[in-house]
Amino acid sequence: MPSNDVRILAQAAVPTVAVGAIAAVVSGVIAGGKGAIGAGVATVVVILFMGLGLYVLQRTAKSLPHLFQAMGLMLYAAQILLLFIFMAAFKNTTLFNPKAFAVSLLVCTLAWIAAQARAHMKSKILYVEPEPSASAKDKQSHKSGHSS
């Protein structure tokens, strides 16, 4: 991943981890140990799903830039659907508190989206990667007296 992508990933993941830690503490106080485990699992799930989605989206932007917007919309819809399926699959589990898990999943997802939007707005990403054209190279070589 280029440094811009890693920076955006970090700027989205760090606030999500902080929100997840707060959710784990609150869930632990309200629902006990199983609540804290549920919040921790939810935080890990959000970071994995959203981080993988960001990686896929950045790869798509590099290889198929004309599909970037459609891929972004499809990816976010797929992520929300997968999170819903994950919540439905674990709604009757005894491993952790399902309500603490669901609330933490929602809160961490919203934190990730807000942090990622903020990171994109603050980053200075070029719309077009500048490449010297053939005529610019010719002009440069004529000015300097050298030929390539």
Donor-acceptor pairs under 3.5 angstrom involving side-chain atoms of residues 46-54: please list them, not counting sequence neighbours.
none

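- Other members of the hydrophobic cluster containing L64, listed by chain and number, are L67; membership follows side-chain contacts under 4.5 Å among ILVMFWY residues, whether direct or relayed.
- The side chain to side chain donor-acceptor pair (under 3.5 Å) pairs that include a residue from residues 63-78 are Y76-Q116, where partners are two or more places apart or lie in different chains.
- V107 belongs to a hydrophobic cluster with V19, V103, counting contacts under 4.5 Å between side-chain heavy atoms of Ile, Leu, Val, Met, Phe, Trp and Tyr, direct or through other members.
- Residue T43 comes nearest to C108 through the heavy atom pair OG1-SG, 3.5 Å, listed as atom of the first residue, atom of the second, then distance.
- For the residue pair L95 and I37, the shortest heavy atom distance occurs at O-CG2, 4.2 Å.
- For the atom pair L75 CG and T60 OG1, the distance stands at 8.0 Å (nearest 0.5 Å).
- A donor-acceptor distance shorter than 3.5 angstrom exists from the side chain of K34 to the backbone of T94, with no hydrogens or angles considered.
- Here A24 pairs with A39 under the side-chain contact (heavy atoms from CB on, under 4.5 Å) rule; sequence neighbours left out.
- Tracing side-chain contacts under 4.5 Å through hydrophobic residues (I, L, V, M, F, W, Y), one never reaches V45 starting from L110; they form parts of separate clusters.
- The heavy-atom pair separating N97 from A31 by the smallest distance is ND2-CB, 3.1 Å.
- For R59, the side chain to side chain donor-acceptor pair (under 3.5 Å) criterion is met by Y55, not counting sequence neighbours.
- For the side-chain contact (heavy atoms from CB on, under 4.5 Å) test, residues two or more places apart in sequence or in another chain that qualify with A42 are F101, S104, L105.
- For the pair P15 and A12, the tightest heavy-atom approach, listed with the atom from each and the gap, is CD-O, 3.6 Å.
- Here I22 is tied into one hydrophobic group with V26, I30, each link being a pair of ILVMFWY side chains closer than 4.5 Å.
- The two residues P98 and F90 come nearest to each other via the heavy atoms CB-O, 4.1 Å.
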